[in-house]
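Positions are given from 1 along the sequence.
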Amino acid sequence: MRAFRAAPRLGAFPSALTLAAALCLLATGCGTEPGGGARGAAATGTPATAPSGVPAPVRTEPLDVHRTPYGTEPSAPAGSPGPCPASGLRMAMGLPEAAMGLRVERLTVTNCGRAARTLAGYPRLRLLGADREPLDVRILRGTSAIAGGVRDEAPRSFTLRPGESLHASLAWRNTYQDTSKPPVNAAYVEAAAVAGAEPEVVRPTAPIDLGSTGRLGRSAWYRAPGESAAPR
């Protein structure tokens, strides 16, 4: 019959267990709850200190480059509705379309007043620089001198009821050939829907980059195809 050895008593290893526990606490802080040691530092964001005295890295949130910078307020999008002007006609610029140096953008006028208005012909325009000073730019009647294929109907008269809108096409090229002068960029458009109306300054969604061409074509007012009129 095989003889069995008696199992060693736990008391035979007090020094080994004590040494292992001490090494674990010193090296990693294992078993520490939040608020103390390495785990507590990671949970609270307080840098922990390794035995060498070098602060342990702290986990931070990734930087959102699209977030509004601290201390600034988000600006309203260009063309967003504002208070109704005294004229009762609100102007807004659309998104520009670009192809082969050609730019086309839509100007919209909306009757935000309480009475019907009659509009005819072309919008009255002036282009302004970043300092809101007028730029030396020719405003053409029609867009055919800029490019073909841009909507350019004959002038007609419209009755614009409250809530209804009309549009005009603006067309230009950003060709830059005369390097003796800096390129022309309009930051604002001063627009009046009818003769004698108080002009309104609107900001395009992007600067009107005329290069060295010095001219901008505009169509007459028109109603967009399929655009429903305001309820009577």
Could you pull out the closest heavy-atom pair between A220 and P155, with the gap in Å?
CB-CA, 3.7 Å
Is R151 paired with E153 through a side-chain N to carboxylate O contact shorter than 4.0 Å?
yes
Closest non-hydrogen atom pair, A147 against R173:
CB-NH2, 3.6 Å
Is V201 close to V189 at the side-chain level, that is, under 4.5 Å between some pair of heavy atoms?
no
hydrophobic_cluster_shared for L128 and L125, side chain cutoff 4.5 Å:
no
Do other residues, nucleotides or ligands put more than 12 heavy atoms under 6.0 Å from D131 CG?
yes
State whether the side chain of R218 and the backbone N or O of G142 hold a donor-acceptor pair below 3.5 Å, judged by distance alone.
no
Kindly say whether S87 contributes a backbone atom to a donor-acceptor pair with the side chain of R117 at under 3.5 angstrom?
yes
Any side-chain heavy-atom pair of L102 and I146 under 4.5 Å:
yes
Which pair of heavy atoms, one from T108 and one from S165, lies closest together, and at what distance?
CG2-CB, 4.0 Å
Checking the side chain of D209 only, and the main-chain atoms of G211 only, is there a donor and an acceptor separated by less than 3.5 Å?
no
Do M93 and L170 have side chains that approach each other closer than 4.5 Å (heavy atoms only, starting at C-beta)?
yes
Looking only at non-hydrogen atoms, find the nearest pair between S219 and P123 and report the distance.
O-CD, 3.5 Å
Decide yes or no on side-chain contact (heavy atoms from CB on, under 4.5 Å) for R156 and W221, but give the supporting numbers first.
CA-CA 8 Å; R156 51 178 295 198; W221 290 117; over 6 Å; no
Might you point out which heavy atoms bring L89 and N111 nearest each other, and give the distance in Å?
CD2-CA, 4.0 Å
Where do G217 and T143 come nearest, in terms of heavy atoms and distance?
C-CG2, 3.9 Å
Cluster question for you: counting only ILVMFWY and a side-chain heavy-atom cut-off of under 4.5 Å, with indirect links fine, are Y176 and W172 together?
no
Output the distance between atom OG1 (T179) and atom CD (Q177), rounded to the nearest 0.5 Å.
10.0 Å
Using modelled atom types and a 3.5 Å cut-off, is there a donor and acceptor pairing between side-chain atoms of D178 and backbone atoms of S212?
no
With no hydrogens and no angle check, is any side-chain donor or acceptor of R215 less than 3.5 Å from a backbone partner on A145?
yes
If we only count heavy atoms from C-beta on, is the I208 to L216 side-chain gap below 4.5 Å?
yes
Applying side-chain contact (heavy atoms from CB on, under 4.5 Å) to E97 and L95, what does each step give before you reach the verdict?
CA-CA 7 Å; E97 298 178 5; L95 294 173; over 6 Å; no
4.5 Å side-chain heavy-atom contact, L160 and T118:
no
With E190 as reference, evaluate R126, R132, R124 under the salt bridge (Lys or Arg N to Asp or Glu O under 4.0 Å) test and give the passing residue.
R126
Are R90 and C112 side-chain neighbours, meaning at least one heavy-atom pair lies under 4.5 Å?
yes
The test is side-chain contact (heavy atoms from CB on, under 4.5 Å); show your working for L135 and V137 and say whether it passes.
CA-CA 6 Å; L135 299 174; V137 176; 4.0 Å; yes
Applying side-chain contact (heavy atoms from CB on, under 4.5 Å), run through T213 and N174 and close with a yes or a no.
CA-CA 7 Å; T213 60; N174 72 331; over 6 Å; no
Sub-4.5 Å side-chain heavy-atom contact between L166 and E164:
no
Side chains of V109 and L119 in contact at under 4.5 Å (non-hydrogen atoms):
yes
Given 3.5 Å as the limit, does a donor-acceptor pair link the side chain of E200 with the main chain of A191, or not?
no
